[in-house]
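Taking it in order: structure first as structure tokens, then the write-up.
Residue numbers run from 1 in the order of the sequence given. Note that the coordinates shown come from a computational prediction; the quantities given were computed from them, not determined experimentally.
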Amino acid sequence: MRNHIVAGNWKMNKNFGEADELIADLVEKLESIDLVDTQLIICPPALYLELASDQSDDSYFMVGAQDVSEHDSGAYTGEIAASMLESMAIDYCIVGHSERRAYHHETDEQIARKVDQLLKHELRPIVCCGEVLEEREANKQFEVVKRQIVDGLFHLTAEQFANIIIAYEPVWAIGTGKTATPEQAQEMHAYIRSLIAEKYGKEVAENTSILYGGSCKPSNAKELFANPDVDGGLIGGASLKADDFLAIATSF
């Protein structure tokens with residue numbers, strides 16, 4: 001049975017004091033919330049991973065990184081290796097986020113290598129896919145998402161794929177205030193699950209968590225999460241406020 005997952009991507013936000021305060025706020029409020037059926041993950045900037053990991057030991061959340069290098073080690077200034085994340089007991093890592101694809105020109109082939117690095121070091125990848133506005137308007141969203149998943153993930157064995165979490169990002173709905181309708185989200189999530197079933201079989205597909213990653217907030221989370229193929233959210237701006245983030249996490 002697949003898990004409900006709510007993951008918070010802080011992106012490049014919060015100074016150290018603010019990050020410490022937000023984590024402390026989450027820890028305090030989680031003491032009075034029952035999240036037995038939902039996995040909560042926070043993905044702060046890399047500078048704060050140890051801070052978050054230390055606090056997670058005594059609270060009901062896990063920690064993920066926002067990116068990882070495709071390389072084992074070496075002369076790659078500014079990069080972070082999967083082995084480094086493993087040594088800090090980090091559990092998850094986002095790869096292929098639309099901002100990485102757009103601003104750093106990451107390819108599906110690079111994302112595939114990052115996934116391999118994470119699995120090699122026993123971290124669970126949260127792999128993002130999704131179309132931009134022009135592709136949606138041209139009715140190419142299914143073609144785009146299929147290419148990203150096939151080229152980024154379908155080199156894996158079924159056993160390896162069982163560790164993958166997918167996050168669908170309608171890129172036109174990130175940071176714009178726009179949101180895909182629940183029907184649009186369900187349509188794409190069901191399509192993604194059908195691709196997985198075709199490649200790996202129905203059991204693997206039914207056990208894969210597929211998150212929605214486009215302007216999910218407390219006001220629309222319940223409606224989005226009510227869809228049978230929407231297993232949670234990859235949350236951006238709303239993850240920067242403990243009350244909003246936890247309101248989303250309790251929307252199942």
Side-chain angles (χ1 to χ4, degrees), residues 1-11 13 22-23 26 29-30 33-44 52 56 60-67 91-101 124-131 136 141 145 148-149 164-193 196 207-252:
M1 185 67 181
R2 60 185 182 264
N3 295 324
H4 290 153
I5 297 172
V6 173
N9 177 15
W10 292 11
K11 305 188 180 185
N13 290 293
L22 176 52
I23 293 169
L26 283 169
K29 288 172 177 171
L30 279 168
I33 295 176
D34 181 8
L35 289 177
V36 173
D37 297 323
T38 301
Q39 179 62 68
L40 199 68
I41 305 167
I42 63 170
C43 301
S56 72
Y60 193 83
F61 68 87
M62 301 184 84
V63 180
Q66 294 181 15
D67 190 35
D91 308 293
Y92 298 86
C93 183
I94 300 168
V95 292
H97 192 279
S98 58
E99 291 158 1
R100 299 291 309 180
R101 293 178 188 265
R124 293 195 67 186
I126 302 172
V127 184
C128 301
C129 61
E131 78 282 0
R136 166 67 67 163
Q141 63 269 27
V145 168
Q148 292 171 341
I149 289 176
I164 299 297
I165 299 163
I166 292 178
Y168 167 58
E169 303 180 286
V171 183
W172 45 273
I174 299 174
T176 64
K178 296 181 179 180
T179 308
T181 66
E183 292 77 17
Q184 287 172 318
Q186 168 58 24
E187 180 183 41
M188 183 59 80
H189 283 228
Y191 175 70
I192 292 169
R193 205 175 302 283
I196 300 167
N207 286 321
T208 300
S209 294
I210 306 175
L211 314 183
Y212 174 76
S215 295
C216 182
K217 42 191 180 288
S219 61
N220 63 18
K222 189 176 291 291
E223 190 175 10
L224 285 164
F225 295 170
N227 287 289
D229 289 295
V230 178
D231 304 310
L234 178 60
I235 314 302
S239 70
L240 299 174
K241 296 181 179 179
D243 288 336
D244 288 351
F245 189 48
L246 295 177
I248 293 170
T250 55
S251 292
F252 292 97

Consider only side-chain N and O atoms of Gln186 and Asp229, and report whether a donor and an acceptor are under 3.5 Å apart.
-> yes

Answer yes or no: is there an ion pair linking Asp91 with Arg124, defined by an N-O contact shorter than 4.0 Å?
->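 Salt bridge flag = no for Arg124 with Asp91.
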
Output, in order, the C-alpha distance, side-chain angles, deciding distance and verdict of side chain to side chain contact (heavy atoms under 4.5 Å, CB included) for Ile94 and Asn9.
-> CA-CA 8 Å; Ile94 300 168; Asn9 177 15; 3.9 Å; yes

Pairs under 3.5 angstrom only: tabulate donor-acceptor contacts from the side chains of residues 242-252 to other protein residues two or more places apart or in another chain.
unit_1: Asp243; atom_1: OD1; unit_2: Lys29; atom_2: NZ; d: 2.7
unit_1: Asp243; atom_1: OD2; unit_2: Lys29; atom_2: NZ; d: 3.4
unit_1: Thr250; atom_1: OG1; unit_2: Leu246; atom_2: O; d: 2.9
unit_1: Thr250; atom_1: OG1; unit_2: Ala247; atom_2: O; d: 3.2
unit_1: Ser251; atom_1: OG; unit_2: Ala247; atom_2: O; d: 2.7
unit_1: Ser251; atom_1: OG; unit_2: Ile248; atom_2: O; d: 3.3

Please name all residues satisfying side-chain hydrogen bond (donor to acceptor under 3.5 Å, both in side chains) with Arg136, sequence neighbours left out, ordered by chain then number.
-> Glu131, Tyr168

Sequence neighbours left out, what passes side-chain hydrogen bond (donor to acceptor under 3.5 Å, both in side chains) with Glu99? Give chain and number order.
->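 Applying side-chain hydrogen bond (donor to acceptor under 3.5 Å, both in side chains) to Glu99 gives Lys11.
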
Would you check, one step at a time, whether the test side chain to side chain contact (heavy atoms under 4.5 Å, CB included) holds for Gln141 with Gln184?
-> CA-CA 11 Å; Gln141 63 269 27; Gln184 287 172 318; over 6 Å; no

If you measure from [atom1] on [X] to [atom2] on [Y], what distance do you get to the nearest 0.5 Å?
{"X": "Ile33", "Y": "Leu40", "atom1": "CD1", "atom2": "CG", "answer": "9.0 Å"}
{"X": "Leu35", "Y": "Tyr60", "atom1": "CG", "atom2": "OH", "answer": "6.0 Å"}
{"X": "His97", "Y": "Gln66", "atom1": "NE2", "atom2": "CD", "answer": "8.5 Å"}
{"X": "Leu234", "Y": "Ser239", "atom1": "CG", "atom2": "OG", "answer": "8.5 Å"}
{"X": "Ile235", "Y": "Cys43", "atom1": "CD1", "atom2": "SG", "answer": "11.0 Å"}
{"X": "Tyr212", "Y": "Asn220", "atom1": "OH", "atom2": "CG", "answer": "7.0 Å"}

From the list Asp231, Leu211, Val145, Ile196, side-chain contact (heavy atoms from CB on, under 4.5 Å) partner of Ile166 resolves to Ile196

